[in-house]
Protein chains: 2
Amino acid sequence: MADTDWPGCGKSLKGVILDMCGVLYDSGEGGGVAITGSIEAVQKLKASDLQLRFCTNETQLNREAFVDKLKRLGFDISVSEVFSPAPAAVAVLKERGFRPHLLVYDGLLPEFDSVDKTNPNCVVIGDAAEKFTYQNLNEAFRVLIGLEKPVLFSLGGGRYYKEGDGLALDVGAYMKALEYACDLKAEVVGKPSPTFFQSVLNDMGLQPHEALMIGDDLVNDVGGAQNCGMKGLQVRTGKYRSSDERHSTVTADGTVDDLAQAVDMILKQRH
Amino acid sequence: MADTDWPGCGKSLKGVILDMCGVLYDSGEGGGVAITGSIEAVQKLKASDLQLRFCTNETQLNREAFVDKLKRLGFDISVSEVFSPAPAAVAVLKERGFRPHLLVYDGLLPEFDSVDKTNPNCVVIGDAAEKFTYQNLNEAFRVLIGLEKPVLFSLGGGRYYKEGDGLALDVGAYMKALEYACDLKAEVVGKPSPTFFQSVLNDMGLQPHEALMIGDDLVNDVGGAQNCGMKGLQVRTGKYRSSDERHSTVTADGTVDDLAQAVDMILKQRH
């Protein structure tokens with residue numbers, strides 16, 4: 001990356017938000033593998049005067065299990081630093097009196113233990129992966145189409161992600177399928193929802209211009225953060241594709257090879 | 001239906017195009033059941049001076065097997081009268097040099113026997129039903145995302161249909177999922193594509209204003225036909241829902257209880 005690509009916000013920066021899958025690790029068999037240099041990069045950020053939060057659209061595990069997985073990979077991370085869609089959705093459901101029909105991965109179900117799920121009046125979908133069967137999708141569809149006013153919540157709106165050695169459809173694709181079939185617009189909880197990014201900023205007590213988002217997803221990480229007034233940096237790991245660098249609507253404030261390079265350049269700018 | 005709802009085109013009418021599933025029969029176990037009065041209604045049309053064609057987005061069976069099924073239900077129908085998306089797609093694929101990766105129901109595969117499917121440079125999806133698995137959708141997605149210029153053909157663009165005693169997602173929903181994931185716009189072959197309706201009109205040698213489409217799908221049957229300059233009549237069978245009668249963009253030229261009522265009124269107007 002040339003210096004001219006750099007957002008040049010290093011000096012005024014007070015906090016960094018990291019996407020997780022594709023930035024810290026690549027998912028796959030047995031929990032995945034850490035991306036080279038990312039464990040040390042997180043250590044360096046924690047040793048700096050910058051605030052650090054993790055912001056993921058991961059919805060296959062509840063936060064406790066997810067953080068345990070990251071710890072096993074070698075990351076210094078705790079549950080309170082991680083923002084994910086399910087807890088945000090639970091808050092919205094309770095606040096607005098919604099009883100969800102859930103189409104989510106088994107590992108995520110514990111997040112919804114405290115929510116009334118009888119006689120559903122909305123549908124919540126997450127990255128259900130193999131649970132996105134024809135039968136389960138029809139079941140969710142029938143709940144929606146049977147409601148006077150169908151409401152669909154989607155935990156994130158991602159297009160696809162890297163799984164092992166291939167790409168897999170993410171929840172956003174299935175959200176679009178149900179939107180079309182039911183002629184509705186889903187409410188996205190998680191990235192790139194501004195409400196979601198704002199909750200992370202609030203937790204750090206920072207203004208948008210004081211924070212930098214680093215992710216591998218140009219639209220949901222970088223574009224979402226930019227829509228909130230943050231800078232957004234894309235890494236060339238995870239789901240990054242070279243065509244991202246000539247995207248029609250989203251232009252990253254900078255593109256770096258990986259998290260290690262991003263962190264080294266941020267910390268260098270501050271000295 | 002009040003007479004005021006009627007399109008009043010009976011006298012100038014020269015041809016009728018009938019949708020099949022939801023108009024002639026309801027699908028379900030063992031091939032489905034004929035809708036009351038529809039077998040006789042087809043007989044009456046055939047005995048009249050009107051031309052008759054059948055136009056379906058059915059893509060679970062090849063035309064021969066599909067027509068056999070209808071004959072077993074008691075309908076007087078032949079393959080040459082039936083227009084369905086697969087043969088239209090085969091023509092397009094050959095004309096434009098496309099080698100498809102197919103995500104279609106097993107029963108439809110024979111329609112594509114004459115098409116080169118090695119080293120695919122496009123994806124064709126039909127109503128694959130139970131074959132719309134997470135794995136198969138990811139496979140189709142990976143073919144598309146691996147192409148320099150991804151091209152997706154969808155055999156019809158329906159939202160959902162009635163299957164036995166419930167509604168099921170139709171191919172259009174999965175089309176939208178892949179469109180979103182790959183950031184592309186699919187080419188719909190079949191209803192409501194104007195090219196498809198026009199091929200039926202050409203076969204009858206009629207102008208649009210001389211033909212009437214009768215279907216249960218407000219958007220794809222009625223709206224599609226209207227976009228071509230035909231009149232469109234909706235029946236209150238199949239996937240009809242009362243909310244169709246206050247749809248924001250499509251208004252049928254008439255709404256009748258079933259095909260039997262539609263045919264009786266058409267023939268009465270002509271005497």
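Numbered from 1 within each chain, the chains take letters A, B, ... in sequence-line order.
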Name the region of A/Q135, side chain, backbone, both or neither, that has any atom closer than 4.5 Å to a heavy atom of chain B.
side chain
Please classify the contact of A/A128 with chain B as side chain, backbone, both or neither, using a heavy-atom distance under 4.5 Å.
neither
Closest-packed option against chain A by number of heavy-atom pairs under 4.5 Å, given [options]:
{"options": "B/L137, B/L169, B/L178, B/N138", "value": "B/L169"}
{"options": "B/T133, B/I145, B/D183", "value": "B/I145"}
{"options": "B/Y160, B/F141, B/Y174", "value": "B/F141"}

Does A/C182 offer a backbone N or O that forms a donor-acceptor pair with the side chain of B/R159 under 3.5 Å?
no
Minimum heavy-atom distance between B/M175 and A/Y180, given as atom pair plus value:
CE-OH, 4.4 Å
As an exercise: rank A/A173, A/G157, A/G172 by heavy-atom pairs under 4.5 Å with chain B and give me the winner.
A/A173
